[in-house]
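The block underneath contains the structure these notes are about, expressed in structure tokens.
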There are 2 protein chains.
Amino acid sequence: MATGRTHRPATRSRGIPEATVARLPLYLRALTGLSERSVPTVSSEELAAAAGVNSAKLRKDFSYLGSYGTRGVGYDVEYLVYQISRELGLTQDWPVVIVGIGNLGAALANYGGFASRGFRVAALIDADPAMAGKPVAGMPVQHTDDLEKIISENGVSIGVIATPAGAAQQVCDRLVAAGVTSILNFAPTVLSVPEGVDVRKVDLSIELQILAFHEQRKAGEEAAVAEAAAAAGAVVPPVRAAGNGRKGPDGDMPAVMPA
Amino acid sequence: MATGRTHRPATRSRGIPEATVARLPLYLRALTGLSERSVPTVSSEELAAAAGVNSAKLRKDFSYLGSYGTRGVGYDVEYLVYQISRELGLTQDWPVVIVGIGNLGAALANYGGFASRGFRVAALIDADPAMAGKPVAGMPVQHTDDLEKIISENGVSIGVIATPAGAAQQVCDRLVAAGVTSILNFAPTVLSVPEGVDVRKVDLSIELQILAFHEQRKAGEEAAVAEAAAAAGAVVPPVRAAGNGRKGPDGDMPAVMPA
DNA sequence: TCTTGTGAAGCTCTTCACAGCA
DNA sequence: TGCTGTGAAGAGCTTCACAAGA
């Protein structure tokens, strides 16, 4: 998973486990696809396959919402779409602001997946005066000075931070002070927020690093020695102050640094 | 969590739990920050705060890597940076291709966080002939026709998919056939891949939906009734074929549809 | 004295397997 | 008969609390 919870004691909100909540959007997407193809009902097995999970998990997940299926038949697609949408709070309109209109911010502004789920981009905000007024995704970029005004006038409770890491905490503080209580953070930094504010983070580089970890494994344990040798040339390993007995699994730091 | 594992039986790779692997990049980022400020050593408490986790978890995580700390003192920053980098496979160079150079693909191509972690964007690939040759992030976009050639010539094992949902599976199949074994998927679709191929997904809209779920809770249980009423106007709820006894927690579908 | 490293306990999530129901 | 809904078992992860050791 590309993201991680922050500042929420993994406790169940009204009995629904966090892990289940995180999968509801997946089910919803699969169901929307079925709905568009006018499929009336679907079994847990079929829906699970479409969502990429196993059917026991799906049934367990749905059991937290209520008994929305019919034994021997399956689930009514339209009915389930409605129930999950309602559970996720998508039956209402969520105005969202995006702060930091660089490459990523602009991409987010143009991303179609938001509008189709009840999220409305209410404003684009950037600190660069040169950006002010410039249209992005058919919408003029506004200056950070007006952040508080924009938040309150639009009743925004969800903010997206796509600024450089250095500006993120400051932007976060201003968003929170202005009344935002949920933040999606794309900046590669840990945000600290008061109790009651939710932060979710997406870090593109972290995802790649996790892939690299597994990729390294696949390369084979028997090739590990050769890899360690190559690695010594790729980065400059730091010298340990005192070379005392470490018990790492293998590959202690090379004692001699390559010039 | 912005992301999710796919196709990997949450089993430990060489004894390191998945949850720990997912946090190593976080620790690495915090350590890199300390390293740049020339901090020589750090305690589990301090590092945990910088990474946004608690110290017991951090110590447990590190214990899977080996005994890299000094009791009564803490951890040597440089040494730990090296060990975690090595564990994640970041001491080697990872050529990466990005397929689908739309807004998001271009943002990824320009993203600085990759290069600093051993990831090198080896090629940008797009299906649109009009894009071919156009420079993005100082690099000419290449056509999908050459995908297989690009993969093999550059020894690419990690691919990033930033295409529309409809094209993702096809691109995925070609990447896998050409030798890619790790995929980071930004397209809002479930990819099916053969055994041995890792897929991680980042879905921006899913993150917002999870935030909306919690946001809805904060609005207060007492306001739930008013919300349900508003919801009835916001979306057109489907009519149940047979209105038999459902036992959802509350808010069964409205029986009367608004015109 | 101070901080790491780690068994053990507790908690959450997943999977199993089958009773319950249409 | 077929598929849902769910207790129970199992696996994995987090947190506690303290022994070990610099």
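To find a chain, count down the sequence lines: A is the first, B the second, and so on, and within it residues start at 1. No hydrogens, no waters, no symmetry mates; every other heavy atom, side chains included, goes into these values.
Taking the side chain to side chain donor-acceptor pair (under 3.5 Å) definition, one finds that A/Arg29 meets it with B/Asp203, sequence neighbours left out. Partners of B/Ala19 according to the side-chain contact (heavy atoms from CB on, under 4.5 Å) rule, which considers only residues two or more places apart in sequence or in another chain, are B/Arg23. Partners of A/Ser43 under the side-chain contact (heavy atoms from CB on, under 4.5 Å) rule, at least two apart in sequence or in another chain, are A/Glu45, A/Glu46. In this structure A/Ser157 satisfies the side chain to side chain donor-acceptor pair (under 3.5 Å) test with no other residue, sequence neighbours excluded. Looking at residues two or more places apart in sequence or on another chain, you find no ring pair (Phe, Tyr, Trp, His ring centres under 6.0 Å) involving B/Phe186. With sequence neighbours left out, the side chain to side chain donor-acceptor pair (under 3.5 Å) criterion links A/Asn54 to no other residue. Annotation: side chain to side chain donor-acceptor pair (under 3.5 Å) contacts of B/Thr163 (sequence neighbours excluded): none.
Each end of the helix from C/dT1-D/dA22 to C/dA22-D/dT1 gets its own rotation axis from five pairs of C1' atoms, and the angle between them is 10° to the nearest 10 degrees.
Side-chain atoms of A/Thr20 do not come within 3.5 Å of backbone N or O of A/Ile16 as any donor-acceptor pair.
For DNA chain D, the residues of residues 43-51 of chain A within the heavy-atom distance limit of 4.0 Å (strictly under) are A/Ser43, A/Ser44, sorted by number. Contacts between residues 53-63 of chain B and DNA chain D, defined by a heavy-atom separation below 4.0 Å, involve B/Asn54, B/Lys57, B/Arg59, B/Lys60, listed by number.
The ring pair (Phe, Tyr, Trp, His ring centres under 6.0 Å) contacts involving residues 15-48 of chain A comprise A/Tyr27-A/Phe62, where partners must be two or more places apart or lie in separate chains.
A/Ser44 and A/Arg59 share a donor-acceptor pair across their side chains, judged by distance under 3.5 Å alone. At a cut-off of 3.5 Å, with distance as the only test, no side-chain donor of B/Arg117 or A/Ser205 sits close to an acceptor on the other residue. There is a side-chain donor-acceptor pair under 3.5 Å between A/Glu78 and A/Ser35.
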Between the protein and nucleotides 19-21 of chain D, are there any N/O to N/O pairs under 3.5 Å, and if so, what are the atom names and distances?
residue, atom, partner, partner atom, Å
D/dA20, N3, B/Arg71, NH1, 2.7

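For the pair A/Tyr75 and D/dG5, the criterion of a side-chain N or O lying under 4.0 Å from OP1 or OP2 is met.
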